S.K.: 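Okay, here's the structure, questions in a sec.
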Amino acid sequence: MMDKPVNNRAWFLVLPVLLLVAFSAVLPLMTVVNYSVQDTFGGNEFFWAGLEWFDEVIHSDRIRAALGRQILFSAIILAIEIPLGIFVALNMPKKGFWASFCLVLMALPLLIPWNVVGTIWQVFGRVDIGLLGHTLKALGIDYNYVNDAIDAWITIIVMDVWHWTSLVALLCYAGLQSIPDAYYQAAKIDQASRWKVFRYIELPRMQGVLLIAVLLRFMDSFMIYTEPFVVTGGGPGNATTFLSIDLVKTAIGQFDLGPAAAFSLIYFLVILLISFVFYTVMTKDQGGQ
Amino acid sequence: MAAVAESKGRGSAVVMALYLLFLMLPIYWLLNMSLKTNREILGVFSLWPQNPTLANYKTILTDPSWYMGYVNSMIYVVMNTVISITVALPAAYAFSRYRFLGDKHLFFWLLTNRMAPAAVFALPFFQLYSSIGLFDTHIAVALAHCLFNVPLAVWILEGFMSGVPREIDETAYIDGYSFPRFFVKIFMPLIASGIGVAAFFCFMFSWVELLLSRTLTSVNAKPIAATMTRTVSASGMDWGVLAAAGILTIIPGALVIWFVRNYIAKGFALGRV
């Protein structure tokens, strides 16, 4: 890492990426900034509004409630998917046909378009035609994700676990693969318990990938839009309206440009902050190796 | 000792079987539905189709307004993959081989774009591409998806390139290779698997995304994901066709996944396992 030569002409190699991303990220972001400080009464006339919209967004009960739901959702997702992913990775076959077999089947949910993921669970949970809903009803459990907020939450959480736990498992599996056999043999000679092998050999080796898994899962669950939108449309009421759903409703549904833009900027800053932590952690890890 | 190992193996097999069952059941249910008629779906509850029919698939594959959705999705996904990999290759090489003014900041800035919520960009993208006359074209969606795919491709490729020793570059220069010739003839074959993985991930993230592709299209470039929503609004739900359309969107992913199965984890770790 350290002995890379300094060469400022390398900028020419980066230039295409720079131009492309500037076009598709900076330009739109400037529009957002522009809207966030202006007001309009229709047509193309805009007035300076200062920080009015930011003030409105920060004090909006609706957005605060959405943020609360969002944080709760991300916390639940991490609390379930990370331990479950580690557990699955520990039980995966190490090599051979069955390892490939498991890898391919596990990766399958990751490759399904997000709205189809929503559709799958929308159908699966229906009491009249879905296997899950029908079975629960037959067992005498009162389950209806359309009308009941708790049931809606459970459905969306189970859906997300179904969709993304494999990602955590695949990352942990890659970390486990890098442990030399000698470590396990040494543990066997020391008669280490299963827990100690996990705690002192496997967990430290998974640390790097686990951090990536936690941060990817946190950020992606923090931006979730399509899947819950297809299943519940944000309902019942506002029970499953997360930040992105709320934002799209404001921006494209009601065309409330000012508040939507202010909301976007605050949302983006939060993500930026998390990305910074992510980046710092990852590059520090690289330097240590 | 052997008995202990065997019982552990059996326990693991049970865990994996249960987990895979959990993953496959919802997909099986969709497949099951896609092979039934609407009357059977709503009338009889059965674990497998009583009278399997391919009528739902036939509806999709013979109606242009349906199958053009797949064609449109494929066009912009391939365009996006080609653009992303083409611009990311030299940039990843620069990051993996040289230090230059602002390299760390640039790398971080690229990462933030991967993390940007699509919802934030939906409206500005709509206005940007409308104002330059690209609304409802494939290239608009392909460019929009570059927002998160280019950074991803740069990160993955940089990870793979850093694994190639620099002596190879130096030897090639001594042998009189020019940079472009060295890059294409020697370097690219060396990181072929990395290019494959990066392409796979670009393909995948462009294929699964709906919010931006739906916002930027109306008729001519409408993706299959957006086409599917029309079964919902039609008078009564056309469950069978919806299920068949869903199954057809799973197939491309299932086909390509086999080729990169050993690199999936490395790709998700942004090339850093």
Side-chain angles (χ1 to χ4, degrees), chain A residues 4-8 10-11 13-14 16-17 20-21 24-25 27-28 31-32 88 91-92 100 102-109 111-116 119-121 123-124 129 131 134 162 167 170-171 173-174 209 212 219 223 225-226 244 247-248 251-252 260 264 267-268 271-272 275 279, chain B residues 12 15-16 19-20 23 26 29-30 33 41-42 45 87-88 90-91 93-94 97-101 106 108 110-113 115-117 119-125 127-128 143-144 146-147 150 154 204 207-208 210-211 225 228 242 246 249-250 253-254 257-258 261 264-266 268-269 273:
Chain A
K4 278 196 282 192
V6 177
N7 183 349
N8 278 324
W11 263 100
L13 296 174
V14 188
V17 164
L20 187 63
V21 180
S24 67
L27 220 56
T31 335
V32 178
V88 169
N91 283 299
M92 273 180 74
S100 299
C102 288
L103 276 174
V104 170
L105 284 192
M106 282 167 64
L108 202 54
L111 283 147
I112 301 176
W114 294 342
N115 71 311
V116 179
T119 305
I120 288 176
W121 281 87
V123 169
F124 199 57
I129 57 171
L131 183 60
H134 197 84
W162 176 84
L167 169 66
L170 288 174
L171 284 170
Y173 175 73
V209 279
I212 296 177
M219 279 176 293
M223 311 191 275
Y225 171 80
T226 311
S244 280
L247 176 57
V248 173
I252 296 177
S264 296
Y267 196 4
F268 194 61
I271 298 281
L272 208 65
S275 305
Y279 180 74
Chain B
S12 295
V15 169
M16 285 316 292
Y19 182 65
L20 292 179
L23 292 186
W29 196 249
L30 196 71
M33 250 175 66
I41 292 169
L42 294 168
F45 189 85
V87 299
Y93 182 80
R97 289 299 192 258
Y98 302 113
R99 287 198 295 144
F100 48 93
L101 194 66
L106 192 60
F108 171 64
L110 282 178
L111 176 69
T112 61
N113 290 308
M115 308 306 179
V120 167
F121 285 92
L123 181 66
F125 271 173
Q127 296 182 318
L128 174 67
L143 285 174
C146 283
L147 175 70
V150 166
V154 172
M204 163 184 162
W207 179 252
V208 299
L210 169 71
L211 180 55
M228 278 180 71
L242 181 72
T249 63
I250 300 177
I257 208 166
W258 181 256
R261 62 187 180 283
I264 298 167
K266 188 165 179 173
F268 272 117
V273 174

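All chains are named by letter (A, B, ...) in the order of the sequence lines, taking the proteins before the strands, and each is independently numbered beginning at 1. A quick note: this is a predicted structure, and the numbers were derived from the prediction, not measured.
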S.K.: What part of B/Leu143 lies closer than 4.5 angstrom to a heavy atom of chain A: side chain, backbone, both or neither?
M.R.: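 Both parts, backbone and side chain.
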
S.K.: In terms of heavy-atom pairs under 4.5 Å, which option from B/Leu211, B/Val208, B/Leu110 contacts chain A the most?
M.R.: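 Among the listed options, the one with the most contacts to chain A is B/Val208.
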
S.K.: Would you compute the distance between atom CD of B/Gln127 and atom CG of A/Leu27 and round it to the nearest 0.5 angstrom?
M.R.: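 If we round to the nearest 0.5 Å, B/Gln127:CD and A/Leu27:CG are 11.5 Å apart.
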
S.K.: Chain B: which of A/Val32, A/Leu272, A/Val21 shares the most heavy-atom pairs with it under 4.5 Å?
M.R.: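 Winner by heavy-atom pair count: A/Val21.
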
S.K.: State, with a plain yes or no, whether a side-chain heavy atom of B/Met16 is found less than 4.5 Å away from one of A/Cys102.
M.R.: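 The answer is yes, as the side chains (C-beta and beyond) meet within the 4.5 Å cut-off.
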
S.K.: Heavy atoms only: give me the nearest A/Val17-B/Ala91 pair and the separation to one decimal.
M.R.: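 Smallest heavy-atom distance, with atoms named: CG2-CB, 3.5 Å.
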
S.K.: Working to the nearest 0.5 angstrom, can you tell me the gap between B/Ile257 CD1 and A/Leu103 CG?
M.R.: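 One finds 9.0 Å between CD1 of B/Ile257 and CG of A/Leu103.
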
S.K.: Quick check on the interface: out of B/Cys146, B/Pro124, B/Gly253, B/Gly246, who has the most heavy-atom pairs with chain A under 4.5 Å?
M.R.: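 Maximum pair count with chain A is reached by B/Pro124.
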
S.K.: To the nearest 0.5 Å, what is the distance between CG (B/Leu210) and OH (A/Tyr225)?
M.R.: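 Rounded to the nearest 0.5 Å, the CG-OH separation comes to 7.5 Å.
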
S.K.: Would you mind checking which part of B/Leu23 comes under 4.5 Å of any heavy atom in chain A, side chain (CB onward), backbone (N, CA, C, O), both or neither?
M.R.: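 Backbone plus side chain of B/Leu23, per the 4.5 Å heavy-atom cut-off to chain A.
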
S.K.: Apply side-chain contact (heavy atoms from CB on, under 4.5 Å) to residues B/Ile250 and A/Leu111 and explain how you reach the verdict.
M.R.: CA-CA 7 Å; B/Ile250 300 177; A/Leu111 283 147; over 6 Å; no

S.K.: Just so I understand: if I count every heavy-atom pair under 4.5 Å between each of B/Pro90, B/Pro26, B/Ala119 and chain A, which residue has the most?
M.R.: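 Sorted descending by pairs with chain A, the first entry is B/Pro26.
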
S.K.: Between A/Ile112 and chain B, with a heavy-atom cut-off of 4.5 Å, which part of the residue counts as in contact: side chain, backbone, both or neither?
M.R.: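 Both backbone and side chain of A/Ile112 come within 4.5 Å of chain B.
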
S.K.: Output the distance between atom CH2 (A/Trp11) and atom CG (B/Leu106), rounded to the nearest 0.5 Å.
M.R.: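 Separation between the atoms: 4.5 Å.
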
S.K.: Got a second to check how far B/Phe121's CZ is from A/Ser24's OG, nearest 0.5 Å?
M.R.: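 Between atom CZ of B/Phe121 and atom OG of A/Ser24 there are 8.0 Å.
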
S.K.: Please walk me through it: do B/Phe100 and A/Asn7 pass side-chain contact (heavy atoms from CB on, under 4.5 Å)?
M.R.: CA-CA 5 Å; B/Phe100 48 93; A/Asn7 183 349; 5.9 Å; no

S.K.: How far does CG of A/Leu13 sit from CZ of B/Arg97, to the nearest 0.5 angstrom?
M.R.: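 These two atoms lie 12.0 Å from each other.
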
S.K.: With respect to chain A, which residue among B/Ala94, B/Ala122, B/Ala254 yields the maximal number of heavy-atom pairs within a distance under 4.5 Å?
M.R.: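 With the most close heavy-atom pairs to chain A, the winner is B/Ala94.
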
S.K.: Taking side chain as everything from C-beta outward and backbone as N, CA, C, O, which of these in B/Ala144 sits under 4.5 Å from a heavy atom of chain A? Side chain, backbone, both or neither.
M.R.: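 Interface part for B/Ala144: neither.
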
S.K.: Shorter than 4.5 Å, heavy atoms on both sides: which option in A/Thr31, A/Leu105, A/Thr226, A/Val248 has the most such pairs with chain B?
M.R.: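 The option with the most such pairs is A/Leu105.
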
S.K.: Need one label for B/Leu20: side chain, backbone, both or neither, based on atoms under 4.5 Å from any heavy atom in chain A.
M.R.: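 The answer is the side chain of B/Leu20.
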
S.K.: Could you tell me which non-hydrogen atom of A/Tyr267 sits nearest to which non-hydrogen atom of B/Val120, and how far apart they are?
M.R.: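 Taking every non-hydrogen atom into account, CD2-CG2, 4.0 Å.
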
S.K.: Identify which part of B/Trp207 has an atom lying under 4.5 Å from any heavy atom of chain A, answering side chain, backbone, both or neither.
M.R.: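 Contact with chain A is through both the backbone and side chain of B/Trp207.
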
S.K.: What pairs with B/Tyr19 under side-chain hydrogen bond (donor to acceptor under 3.5 Å, both in side chains), at least two apart in sequence or on another chain?
M.R.: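 B/Tyr19 satisfies side-chain hydrogen bond (donor to acceptor under 3.5 Å, both in side chains) with A/Ser166 only.
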
S.K.: Minimum heavy-atom separation for B/Tyr98 to A/Ala10, with atom names?
M.R.: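 For B/Tyr98 and A/Ala10, the tightest heavy-atom pair comes out as CD1-CB, 3.8 Å.
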
S.K.: Identify which part of A/Met219 has an atom lying under 4.5 Å from any heavy atom of chain B, answering side chain, backbone, both or neither.
M.R.: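 Contact with chain B involves the side chain of A/Met219 alone.
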
